[in-house]
Enquirer: 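Got a structure here, written out as structure tokens. Questions coming.
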There are 2 protein chains.
Amino acid sequence: MKSKQRPTIRDVAREAGVSYQTVSRVINDSDHVSPHTRGRVWKAVEKLGYRPNRMAQILQTERSLTLEVVMPYFGFNRVLYDMARTAHQRGYNLVIAAIDSDEFPQALESAEARFIDGLILTPLFPFIDDYDELVRLTHGIPFVQIGAKLGAHFPSVIYDHAQGARLATQHLIDLGHRAIAEISGPLLNYDAAARHEGWQATLKDNGIPPQPCIEGDFTIEGGYQAMNDLLDSGAAFTAVFAGNDSMAFGIQTALRERGLHVPGDISIVGFDDIPESAHLVPGLTTVRQDFQLLGQLAVEYLLNLIENRDTPIYQRVLSPRLVIRGSTRPVR
Amino acid sequence: MKSKQRPTIRDVAREAGVSYQTVSRVINDSDHVSPHTRGRVWKAVEKLGYRPNRMAQILQTERSLTLEVVMPYFGFNRVLYDMARTAHQRGYNLVIAAIDSDEFPQALESAEARFIDGLILTPLFPFIDDYDELVRLTHGIPFVQIGAKLGAHFPSVIYDHAQGARLATQHLIDLGHRAIAEISGPLLNYDAAARHEGWQATLKDNGIPPQPCIEGDFTIEGGYQAMNDLLDSGAAFTAVFAGNDSMAFGIQTALRERGLHVPGDISIVGFDDIPESAHLVPGLTTVRQDFQLLGQLAVEYLLNLIENRDTPIYQRVLSPRLVIRGSTRPVR
DNA sequence: CGTCGGAATGTGAACAGTCACAAAAATTGT
DNA sequence: ACAATTTTTGTGACTGTTCACATTCCGACG
């Protein structure tokens, strides 16, 4: 009696007195196995504590039931867990490729070698907006991009950031503001750029001349720094549109240090509606995105692409909505 | 000429005019291959665009170079990305098992079947504090637990939360506070319980009678709710120790709504030092933990356990530190 | 009563590598 | 120059599973 580490399909077959192929059929829930045999096999599986060797299965089937999120530090960390959860519910695993942008091609090579079934991508340098080019790079592995450019012709799930920025800016204009500065996110980020354009367009549509804008980096400290720069520049404004809520936190601190009151002197609108924003003093008026939903939709779309070859290719665009709190007030 | 999908090691061998074993040696950077042959093989690899099939390698070697984080929703989401990054730097992948507590045993079965090399665990119901029991459940896969109980005799990386709570409470006492309430985290969470004990012990050490405590859930809304409950109970206090910063946000809102001023009427100390805390008004005095460091140390320890069989088993305890900001002030 | 159809089961050959050992080639010492 | 040694290369077997196809079994029907 040899004591092997792990029982194999053949051990189970011997135990149950059937062929290994029959065991394979049973564990794969295949048709054409008599209930009687099925029972015997399961009993043997139970008795030996047999678990199929996933790697052998993957080697044979070329399906790993694994999705990979390829993303740089910058961005969507907060959706990771929810994506993993959605994947798990459909029987998939989710692995994170935490890469620098220049490792993108290698990461995709590696994904192919590991039989990754699908990819969640974020926009990466250098930006690639061509579907065929992306298909080539991903070696034909189905993918969905989050945070893609509006209008991209490949599978993607995004928020309409320009629209969100329009809501925010119009809200300020409706309150009588005309001098509306912006602290934008990094403009080579599509989301940041779209918000920036929405702000610009809304000003223009309302006959307001161009207003000052400083580029931040989406962090609290970056917002703080940018607002100080803006104040130092001597620009006059009664309201600020912040590229995201984190920067709004820093902006608010910078204003307070200069003796400027929110919303008495300056109104602020943010973007994202992170949980803390409702509890700032005053509460932050902001544009809400549901990141959890975004991650969930992206994974579900990806799974459909994997499991139904004829799933159509589209861009799903979600509409953000304005949440009005205490940080905005009619201009004096 | 058959046009196979993917070139295999044998195709490369034929192309380079060597045996498949030699190709295997070259791609594994093994010794005893002449520079000349090595060159020929690499050229063939290049020419055919050969990439080793990871699944075949794993099947044979029983090493997947993959770590798995097994965790429920509750907890350490924010360290995911940093752990993935640390793993990546050492050539490992990281997969997330986003499970409910009752799926714990299945998750570990599955990990074994996928030849997961190491596990990052968080405490899960039912709590298991026995090393041998954990080894049994994990099928001998090396693991490191984060957020383990202080004094646990298995590989773990934690902060000393009781110590952090002592720093926070002593700080309030030094400011003259004696009526120091607590809004704790969920007490069956080890971290929350340790903070709670640190608070209690410090009061006792200073000859202060037991103070009111309400159990929250670590969320902003939970903190808001708990503080309202505390105020409704009619308890008298001049300071609050919050189980974490998120709850401190909710607590501050609740106090403000009741017309109580921070720090004028009530001082608050939080725990974690999330980035937003510095930008609350007033800035939140809190106990700082470096989550990034925690994740990084856990992954590094895990990799050592995997790669050196004789890595000692220990609990690494990090010391949090108090960050004093505007939310605490001497008692009136 | 032979044979036909369909369900149930079994067999050989992949899948793409690595390991252990055998064989050949190159290097060294005497 | 020849045996001893070392380095380099090759061969057979094996990892655990699924696929494609072959075979057996069993009742029903002409």
Side-chain angles (χ1 to χ4, degrees), chain A residues 2-42 44-45 48-66 109-110 112-117, chain B residues 2-42 44-45 48-66 109-110 112-117:
Chain A
K2 63 181 165 187
S3 72
K4 304 187 66 169
Q5 313 288 21
R6 264 169 151 291
T8 78
I9 206 172
R10 289 179 151 87
D11 296 323
V12 175
R14 198 178 317 116
E15 176 73 26
V18 297
S19 78
Y20 53 85
Q21 178 56 37
T22 302
V23 176
S24 174
R25 288 200 183 91
V26 170
I27 63 177
N28 288 340
D29 228 9
S30 154
D31 285 344
H32 302 307
V33 177
S34 74
H36 175 245
T37 313
R38 196 178 293 270
R40 289 166 54 77
V41 170
W42 277 123
V45 164
L48 300 181
Y50 166 79
R51 299 278 134 193
N53 180 321
R54 284 291 300 141
M55 291 308 142
Q57 293 182 313
I58 296 169
L59 177 62
Q60 171 67 26
T61 61
E62 311 210 328
R63 293 275 330 260
S64 68
L65 295 182
T66 302
E109 291 287 348
S110 151
E112 198 211 1
R114 285 177 291 128
F115 295 106
I116 294 293
D117 291 322
Chain B
K2 63 183 167 186
S3 74
K4 304 187 66 168
Q5 312 289 21
R6 263 168 152 291
T8 76
I9 206 172
R10 289 177 151 87
D11 297 323
V12 175
R14 198 176 319 115
E15 176 73 25
V18 298
S19 78
Y20 53 83
Q21 178 57 43
T22 302
V23 177
S24 174
R25 288 198 184 92
V26 170
I27 62 178
N28 288 345
D29 228 11
S30 156
D31 284 345
H32 304 305
V33 176
S34 75
H36 174 246
T37 313
R38 195 180 294 270
R40 289 165 53 77
V41 170
W42 276 124
V45 163
L48 300 181
Y50 166 80
R51 299 278 135 194
N53 180 320
R54 284 291 299 141
M55 292 307 143
Q57 293 182 311
I58 296 169
L59 178 62
Q60 171 67 28
T61 60
E62 312 209 327
R63 292 274 331 258
S64 67
L65 295 182
T66 303
E109 292 286 348
S110 152
E112 199 211 0
R114 285 177 289 125
F115 296 105
I116 295 293
D117 291 324

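In what follows, every chain begins at residue 1, and chains take the letters A, B, ... in the order their sequences are listed. Just so you know, these numbers use all the heavy atoms, side chains as well, and skip hydrogens, waters and symmetry mates.
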Enquirer: In degrees rounded to 10°, what angle is found between the helical axes fit to the five outermost pairs at each end of the helix from dC1(C)-dG30(D) to dT30(C)-dA1(D)?
Expert: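 Nearest ten degrees gives 50° for this helix.
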Enquirer: For Phe115(B), does the six-membered ring have the charged nitrogen or CZ of Arg6(A) within the cation-pi criterion, i.e. under 6.0 angstrom from the centroid and within 45° of the normal?
Expert: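 The answer is yes; both the distance and angle limits are met.
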Enquirer: In whole Å, what is the span from the CZ atom of Arg14(A) to the P atom of dT11(C)?
Expert: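 After rounding, the reported distance stands at 14 Å.
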Enquirer: How many Å lie between CG on Leu59(B) and P on dA14(C), as a whole number?
Expert: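 Distance check: Leu59(B) CG to dA14(C) P gives 17 Å.
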Enquirer: Under the rule for side-chain contact (heavy atoms from CB on, under 4.5 Å), what residues qualify as partners of His36(A), not counting sequence neighbours?
Expert: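 Partners of His36(A) under the side-chain contact (heavy atoms from CB on, under 4.5 Å) test: Ser34(A), Arg40(A).
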Enquirer: Could you state the CE-P distance from Met55(A) to dT18(C), rounded to the nearest angstrom?
Expert: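 These atoms are roughly 15 Å apart.
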Enquirer: Applying salt bridge (Lys or Arg N to Asp or Glu O under 4.0 Å), name anything that partners Glu109(B), two or more places apart in sequence or on another chain.
Expert: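 Testing Glu109(B) for salt bridge (Lys or Arg N to Asp or Glu O under 4.0 Å), a comparison that skips the adjacent residues, returns Arg51(A).
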Enquirer: In whole angstrom, what separates Ile58(B)'s CD1 from dT17(D)'s C1'?
Expert: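 From Ile58(B) CD1 to dT17(D) C1': 15 Å.
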Enquirer: Applying salt bridge (Lys or Arg N to Asp or Glu O under 4.0 Å), name anything that partners Arg25(B), two or more places apart in sequence or on another chain.
Expert: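 With neighbours one apart ignored, the set is empty.
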Enquirer: For the residue pair Pro52(B) and Gln57(B), what are the closest heavy atoms and their distance?
Expert: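 So the minimum-distance heavy-atom pair works out to CB-NE2, 3.6 Å.
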Enquirer: Mind checking side-chain contact (heavy atoms from CB on, under 4.5 Å) for Arg10(B) and listing every partner two or more places apart, or none if nothing turns up?
Expert: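 In terms of side-chain contact (heavy atoms from CB on, under 4.5 Å), with neighbours along the sequence ignored, Arg10(B) is linked to Thr8(B), Tyr20(B).
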Enquirer: Establish, with yes or no, whether the OP1 or OP2 oxygen of dT18(D) is under 4.0 angstrom from a side-chain nitrogen or oxygen of Asn28(A).
Expert: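 Asn28(A) to dT18(D) OP1/OP2: side-chain N or O found under 4.0 Å.
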Enquirer: Can you tell me how far C1' of dG17(C) sits from CZ of Arg114(A), to the nearest Å?
Expert: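 Atom CZ in Arg114(A) sits about 17 Å away from atom C1' in dG17(C).
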Enquirer: Using side-chain hydrogen bond (donor to acceptor under 3.5 Å, both in side chains) as the criterion, list what pairs up with Ser19(A), not counting sequence neighbours.
Expert: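 Thr22(A).
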Enquirer: Take the protein atom CG of Asp29(B) and the nucleotide atom C1' of dT18(C), then report the distance between them rounded to whole Å.
Expert: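 These atoms are roughly 16 Å apart.
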Enquirer: Figure out the CD1/P separation between Ile9(A) and dT9(C), and round it to whole Å.
Expert: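 Result: 15 Å.
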Enquirer: Base contacts versus sugar-phosphate-only contacts with protein, heavy atoms under 4.0 Å: please encode nucleotides 7-12 of chain D as B, S and - from 5' to 3'.
Expert: SBBBBB
Enquirer: What residues form a side-chain contact (heavy atoms from CB on, under 4.5 Å) with Gln60(B), not counting sequence neighbours?
Expert: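 Per chain and number, Gln60(B) pairs via side-chain contact (heavy atoms from CB on, under 4.5 Å) with no residue.
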Enquirer: For Phe115(A), which contact category applies under a 4.0 Å heavy-atom criterion: base, sugar-phosphate, or nothing?
Expert: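 Nothing, no heavy atom under 4.0 Å.
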Enquirer: Is there a side-chain polar atom (N or O) of Gln57(A) under 4.0 Å from OP1 or OP2 of dT18(D)?
Expert: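 Yes, such a contact exists.
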Enquirer: Using only modelled atom types and a 3.5 angstrom limit, is any donor from either the side chain of Gln60(A) or the base of dT18(D) paired with an acceptor on the other?
Expert: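 For Gln60(A), whose side chain was compared with the base of dT18(D), there is a donor-acceptor pair (under 3.5 Å).
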Enquirer: If I take atom CG in residue Asn53(B) and atom C1' in nucleotide dT17(D), what distance separates them, rounded to the nearest angstrom?
Expert: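 In whole Å, dT17(D) C1' and Asn53(B) CG are 13 Å from each other.
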Enquirer: In chain order, what residues pass the side-chain hydrogen bond (donor to acceptor under 3.5 Å, both in side chains) check against Ser110(B), with sequence neighbours excluded?
Expert: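 Residues passing side-chain hydrogen bond (donor to acceptor under 3.5 Å, both in side chains) with Ser110(B): Arg114(B).
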